[in-house]
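Residue numbers start from 1 in every chain, and the chains themselves are labelled A, B, ... in the order their sequence lines are given, proteins ahead of strands.
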Number of protein chains: 2
Amino acid sequence: MKKGKATIHDIAEKLNITASTVSRALNDNPRISENTKKQVLKMAKQLNYQPNHIASALRSGKSKLIGVLVPTANRNFFSSVVRGIEDIANELDYKVIISQSYEDPEKEIQTVDALLNARVDGIIASIGKNTENFEHFKKILDKGIPLVLFDRITNELEVSQVVIDDYYGAYETTKHLIEQGCKRIVHFTSPKKINIYRERLRGYEDALKDANIPVDPALIEESNMQLEDGRTSMENIITKGIPFDAVFSSSDYAVMGALQVLREHKISVPSQVKLAGFGNEPFTSFTAPPITTVDQKSIPMGRVTAETFFELLKLEDKKSATHKTVLKPELIIRESSLKTN
Amino acid sequence: MKKGKATIHDIAEKLNITASTVSRALNDNPRISENTKKQVLKMAKQLNYQPNHIASALRSGKSKLIGVLVPTANRNFFSSVVRGIEDIANELDYKVIISQSYEDPEKEIQTVDALLNARVDGIIASIGKNTENFEHFKKILDKGIPLVLFDRITNELEVSQVVIDDYYGAYETTKHLIEQGCKRIVHFTSPKKINIYRERLRGYEDALKDANIPVDPALIEESNMQLEDGRTSMENIITKGIPFDAVFSSSDYAVMGALQVLREHKISVPSQVKLAGFGNEPFTSFTAPPITTVDQKSIPMGRVTAETFFELLKLEDKKSATHKTVLKPELIIRESSLKTN
DNA sequence: TTTTTTTGAGCAATCGATTGCATATTTAAA
DNA sequence: TTTAAATATGCAATCGATTGCTCAAAAAAA
C-alpha cells in the first residue's frame, strides 16, 4: 500500500466518486462543487498524492516543460538569463530543461531534436556562434511550437526575440574611449552570421565616424572571440607594428586575452592602451586594472524572454505573433579605459 | 495527414501488422523476425516517425530523464561536471534536466520535489553549501530512486558518491606554500556541514603539523567563501595586525577577494604574501599574478558520476549498492605562490 | 505421418489523467 | 404544477507505447 503512489483513482475510491470528478476538482473546474473540491483536496493531502505529470502530459499534450537552449551554461550572461527564465517559469509551474550546444552547429541540431522528442511545450534559444543554417529552428516553427530567441538571434527566422541594443552599447563604449582621448581603437569582432557582433561593429564604426575618425580596417580583428583568440589578435596587431591606443572587444574573454598580451609586452593599461570589453563577465572586475565593459542586463532579459514566451504560448496562431523587445545595455566604466592625467 | 505525428499504429496499419509488433520491432525484440524489423524501420523512416517518449514513459515507468541538481550552473566546476554527465547520458539516450538550488536550502527542497514530480529516473546532486538537513534527499532514497552525490556530499546519507581527495589537494597545496618559505599561512574555510571544506581544513592542518608549524586558530577565517567574504576575511586579518605570509583559500573566489585587498594595501603578491586557491576557476589564470590553485578534475568527475549513476540504475536493490569514488586533484602552481628570490 | 518445439505475431489490458457527452438532481422560470 | 435552465457528477474513450499471454504456422523430432 505504501508501495504504489496514490492516483486520482485512489482518491476517487476513498471518496466514492469517480476519477473524472477528482481530476476536475484538482484542476479547480467550476463544474465541481466547492464541497467536493474541499474533500478531494483533503484526501489528496492525506494520501500524499502527487500528480503524475507524465500521464497528464500524454493526455493533454502539454508537458509543462520548456526547453532552453544556450551555447554554454557556463557563462555568466547565459546562466543569468536562464535564472531569469526559471524564475518566471517556476511561478507558472513549468520546468526548464537546459541544454547546451557548445557552439557546435551539429550538436545544436541534435539538441533541438532531443528537446522536441522530450515533448517540450516550447523552446527558448540563443543561437550558437557558428550556426549558419537555421533549418532546425524552422522545424520548430513548422510544428507550431512556440520559439523565442534571445541575444543571439538571426534575421532569417521570423520569431519573437529579445535582445539588447548592441549597437547602442558599442556606440557608447567607443564614444567613451574617444572621449578619453583614443584615436586608434582596435576592434575585436566575429565574422559570423549572428547579429550581435555585426551590430556592435556598426556601433563602433558609427561612433568613429561621428567623431570624424576614419575607420581603419587594419584595426579590425576577426576571430572566434575566446581568450586565446584575443591573445592572437593582440599579438597580430603588435607584431604588424600597427599603432593603436585602445582595444574595444565585442567579448570580455577576448579583451582579457589582449590584457594578458599587453602585460607581457610591458604595455601599460590604461596609460598607454585603454581597454573595453562587452558582456560584464564577473572576472572583468577582478582584473588589474578592472576592465570597462557593457552590462547586458541578463536577468531582465531572462524575465522578459520568459514573459514573451508565455504570452506566445497562450496564443492560437503562434506564427503571426512575433514580437521584438530591445533592452538598453549599460556601459560600466572601470579603470582600464580611464584617462591617466 | 501532415498534421498529427506518426505513431506506431500508423506504421502498423501501413504494414498490415499490429502496433505491438511494431513496438517490439522498434525495440529490437528477438521475438520479431529480421524481415519484419527491416520493414518497420523503413516505414518508420518513411513516415518520419518520432517515438513519443511521454507515452513510453507512462507505460514503462521510465522517463529517460535524469535530474541534475547543482548549487549553481554558473561555476566552471559545476558546468564542467554537468558537461561530463551529459556526455555519458546522451550516449545512453537519456536527457538531463539541470536545476539549480542557488545554495538556498529551501529552493533545494522545492527543486528535488520538482524533479521527482517530473518523474526523473534518478537524480545526481551536489549539496548546497547551507544545507544542514537532508530529509529531502532521504525521500529520494526512500522512493527507491537512484541518487548519486558528487563533490558536495554528506556523511548523513548512505549513497553512492564521487569526490576528489580534498584532503590531499589541501595538503599538497599547503606543503607547497611551506616549501616556498611560508610559515604563517592564513586559511579561508567555511563552517558548514559540507565535507569538502572540513577535509581541506584537515589537509591544511596536517601539512602544517608535518612541517612542525603550529596551527594558529587566529589564522583560520570562516566565511561563506564568496569574493566579498574573501575581502572581508583579508581585511580582518590585516586590521587585527596578525602577521601572515600566505593565504590558502578553500575557494578561488575568496582568494580573489584577498588578492584585491592585498593590492589595495600595496602588499605585493607573491613577494610579501603568497596565495593559493582551490577550484581552478578560469579567472585564476587571468589575474596578475595568476593564482595557484587546485584543479578538481571536473569533466572526469562528471563522467565517473554518470557512470556510477547508470550502474546504479541497472541494479535491483538501489540501496545496498553504495559506492564511493575518490579522484585525485591536481595542484596547479602559478606565479602567486612562487618564491621570489 | 504424428507429435513436440520453436518462431513470429496478435489480442487486449495497462500506465494515470483528461475531456466530450450524457444523466441525474436542483433550482428557477413560466 | 409543469417546463426550462443550471448544477454536479458519472461514463467511457483517449493519449501512444508496452507487455503478459495466447495462438497459429513452420520446423524439428519421433
Side-chain angles (χ1 to χ4, degrees), chain A residues 1 3-41 43-44 47-65 93 95 116-121 143, chain B residues 1 3-41 43-44 47-65 93 116-121 143 145:
Chain A
M1 38 206 62
K3 202 69 217 299
K5 316 198 26 124
T7 71
I8 53 171
H9 292 96
D10 299 325
I11 299 179
E13 199 175 339
K14 295 263 182 190
L15 258 32
N16 253 315
I17 53 179
T18 57
S20 354
T21 305
V22 174
S23 171
R24 292 192 174 101
L26 291 171
N27 288 307
D28 205 25
N29 185 308
R31 303 186 68 74
I32 301 296
S33 70
E34 284 309 317
N35 185 33
T36 305
K37 283 183 190 170
K38 230 167 269 171
Q39 283 189 278
V40 167
L41 251 30
M43 183 58 70
L47 296 179
N48 188 28
Y49 167 77
Q50 300 289 129
N52 186 324
H53 286 168
I54 293 197
S56 155
L58 177 58
R59 177 62 230 249
S60 68
K62 263 108 207 40
S63 65
K64 294 266 197 172
L65 290 175
D93 223 30
K95 245 132 282 162
L116 253 20
N117 262 343
R119 293 298 198 274
V120 295
D121 287 346
K143 297 199 175 191
Chain B
M1 39 208 55
K3 199 72 219 294
K5 319 197 23 122
T7 71
I8 52 171
H9 293 97
D10 300 326
I11 299 179
E13 200 176 338
K14 295 264 182 191
L15 258 34
N16 254 316
I17 54 178
T18 57
S20 353
T21 303
V22 174
S23 171
R24 291 194 174 99
L26 292 171
N27 289 304
D28 206 25
N29 185 309
R31 301 189 69 73
I32 301 298
S33 70
E34 285 308 318
N35 184 35
T36 306
K37 283 183 190 169
K38 230 168 267 169
Q39 284 189 278
V40 167
L41 251 29
M43 183 57 70
L47 296 179
N48 188 27
Y49 166 77
Q50 301 288 128
N52 185 323
H53 287 169
I54 293 195
S56 155
L58 177 58
R59 175 64 230 248
S60 67
K62 263 107 206 40
S63 65
K64 293 268 197 172
L65 290 175
D93 222 28
L116 254 19
N117 262 343
R119 294 297 198 276
V120 294
D121 287 347
K143 296 200 174 191
I145 291 175

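Listed nucleotides: dC15(D), dG20(C), dA13(C). Nearest to the side chain of R59(B): dA13(C). Side-chain proximity of R24(A) to dG10(C), dG10(D), dA17(C): nearest is dG10(D). Of the candidate nucleotides dG10(D), dG10(C), dG16(C), dG10(D) has the atom nearest to the side chain of I17(A). Picking from dA17(D), dC11(C), dT18(C) the nucleotide with the shortest atom distance to the side chain of A55(B) gives dA17(D). Among dA12(D), dA17(D), dG16(C), the nucleotide with an atom closest to any side-chain atom of S20(A) is dA12(D).
For a distance-only test at 3.5 Å, the side chain of T7(A) fails to qualify as a donor-acceptor partner of the base of dC15(C). At a cut-off of 3.5 angstrom, counting only N and O atoms as typed in the model, there is no donor on one side facing an acceptor on the other between the side-chain of S60(A) and the base of dC15(D). Judged by atom type and distance alone, R119(A) does not reach the base of dG16(D) through any side-chain donor-acceptor pair under 3.5 Å. Residue R31(A) places no side-chain atom within donor-acceptor reach of the base of dG20(C), judged by atom type and a 3.5 Å distance cut-off alone.
Counting non-hydrogen atoms under 4.0 angstrom, H9(A) reaches a base of the nucleic acid. Looking at heavy-atom distances under 4.0 Å, S33(B) makes contact with sugar-phosphate atoms alone, never a base.
Within the structure, every side-chain polar atom (N or O) of N52(B) is placed at least 4.0 Å from both OP1 and OP2 of dC15(D).
Rounded to whole Å, the distance from CD1 on I54(A) to P on dT14(D) is 23 Å. In this entry the distance linking CD of Q39(A) with P of dT9(D) reads 9 Å, nearest Å. Regarding K38(A), its NZ atom lies at a distance of 16 Å from the C1' atom of dA8(D), rounded to whole Å. Look at CD1 on I8(B): it is 13 Å from P on dC15(D), rounded to the nearest Å. Residue N117(A) contributes atom CG, which lies 14 Å from atom P of dG16(D) at whole-angstrom precision.
The two atoms that bring M43(B) and I11(B) nearest to each other are CG-CG2, 3.9 Å, heavy atoms only. Contact record, D10(A) with T7(A): OD2-N, 2.8 Å, taken as the closest heavy-atom pair.
With respect to N117(B), the side chain to side chain donor-acceptor pair (under 3.5 Å) criterion is satisfied by exactly one of K95(A), Q50(A), K64(A): Q50(A).
Each of T21(B) and K37(A) has a nearest nucleotide on DNA chain D; the 5'-most of these lies closest to K37(A).
Side chains of S20(A) and S23(A): a donor-acceptor N/O pair is absent below 3.5 angstrom, by distance only.
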